[in-house]
Amino acid sequence: MWLLITFPQFNALTQQLDDQRMLAQPPATDELMSKSYVIEVGDDQAGVIIREDGEREYQFHAALRSYHALEGRRFANALLAERAAIAHAVSRRRRRHASAALEGASL
């Protein structure tokens, strides 16, 4: 089951998540930072982002076909990658619902 979130609500929710994460994380240093993160959207494991030695950005690698549009995109941090994956999922659902509504109206 998916929950559709309007953009004002989405922005407020992501700001809350940002605040919680900032409080929960230790100070960021290169020694403490992971070089890869799993990106999840709901129950889906959308992909993984990896930062190679000497690089400043993380590269997205899709784990599911539905997130292939993000394949190879680069992000400054895990939070931005997670936001992009969530926005992609919301956009896909909206397009699917809109096309289903149009098909239902044409019957």
Side-chain angles (χ1 to χ4, degrees):
M1 173 190 246
W2 289 95
L3 172 67
L4 289 178
I5 301 173
T6 63
F7 281 103
Q9 291 168 326
F10 176 75
N11 291 337
L13 177 62
T14 55
Q15 184 61 48
Q16 283 179 330
L17 292 173
D18 289 354
D19 295 343
Q20 290 171 0
R21 288 187 180 129
M22 294 304 281
L23 293 173
Q25 291 180 352
T29 65
D30 287 339
E31 294 80 37
L32 294 176
M33 291 182 69
S34 296
K35 294 188 180 192
S36 64
Y37 295 94
V38 173
I39 303 299
E40 295 180 344
V41 176
D43 292 335
D44 290 340
Q45 206 173 57
V48 63
I49 56 169
I50 300 171
R51 186 183 72 187
E52 299 294 334
D53 287 338
E55 291 186 2
R56 296 181 59 101
E57 297 178 316
Y58 293 85
Q59 187 171 9
F60 189 92
H61 301 277
L64 297 173
R65 184 179 307 156
S66 56
Y67 293 92
H68 192 264
L70 298 175
E71 182 73 30
R73 282 193 49 195
R74 295 187 171 271
F75 298 94
N77 58 49
L79 184 60
L80 293 175
E82 182 181 46
R83 283 182 175 175
I86 291 169
H88 178 73
V90 168
S91 175
R92 288 193 63 203
R93 281 193 298 277
R94 286 187 176 156
R95 284 193 307 265
R96 227 179 12 246
H97 289 297
S99 68
L102 287 175
E103 288 176 12
S106 66
L107 294 178

Test of understanding: clusters of I, L, V, M, F, W, Y form through side-chain heavy atoms closer than 4.5 Å, transitively. Do [X] and [Y] belong to the same one?
| X | Y | result |
| --- | --- | --- |
| Leu79 | Ile50 | no |
| Leu80 | Ile86 | yes |
| Val38 | Val41 | no |

Roughly how far, to the nearest 0.5 Å, is the [atom2] atom of [Y] from the [atom1] atom of [X]?
| X | Y | atom1 | atom2 | result |
| --- | --- | --- | --- | --- |
| Asn77 | Glu82 | CG | CD | 10.0 Å |
| Phe60 | Glu71 | CZ | CD | 7.5 Å |
| Leu70 | Ile49 | CG | CD1 | 11.5 Å |

Pairs touching residues 56-66 that satisfy salt bridge (charged side-chain N to carboxylate O under 4.0 Å, His left out), sequence neighbours left out: none
Heavy-atom closest contact (Ala85 atom, Ile39 atom, distance): CB-CG2, 3.8 Å
Atom of Lys35, atom of Tyr58 and distance for their closest heavy-atom approach: O-CE2, 3.7 Å
Residues Arg73, Gln59; criterion side chain to side chain contact (heavy atoms under 4.5 Å, CB included); working and verdict: CA-CA 6 Å; Arg73 282 193 49 195; Gln59 187 171 9; over 6 Å; no
By ring-ring contact (aromatic ring centres under 6.0 Å, His included) - contacts of His88 (at least two apart): Tyr67
With Gln45 via side-chain hydrogen bond (donor to acceptor under 3.5 Å, both in side chains) - residues at least two apart: none
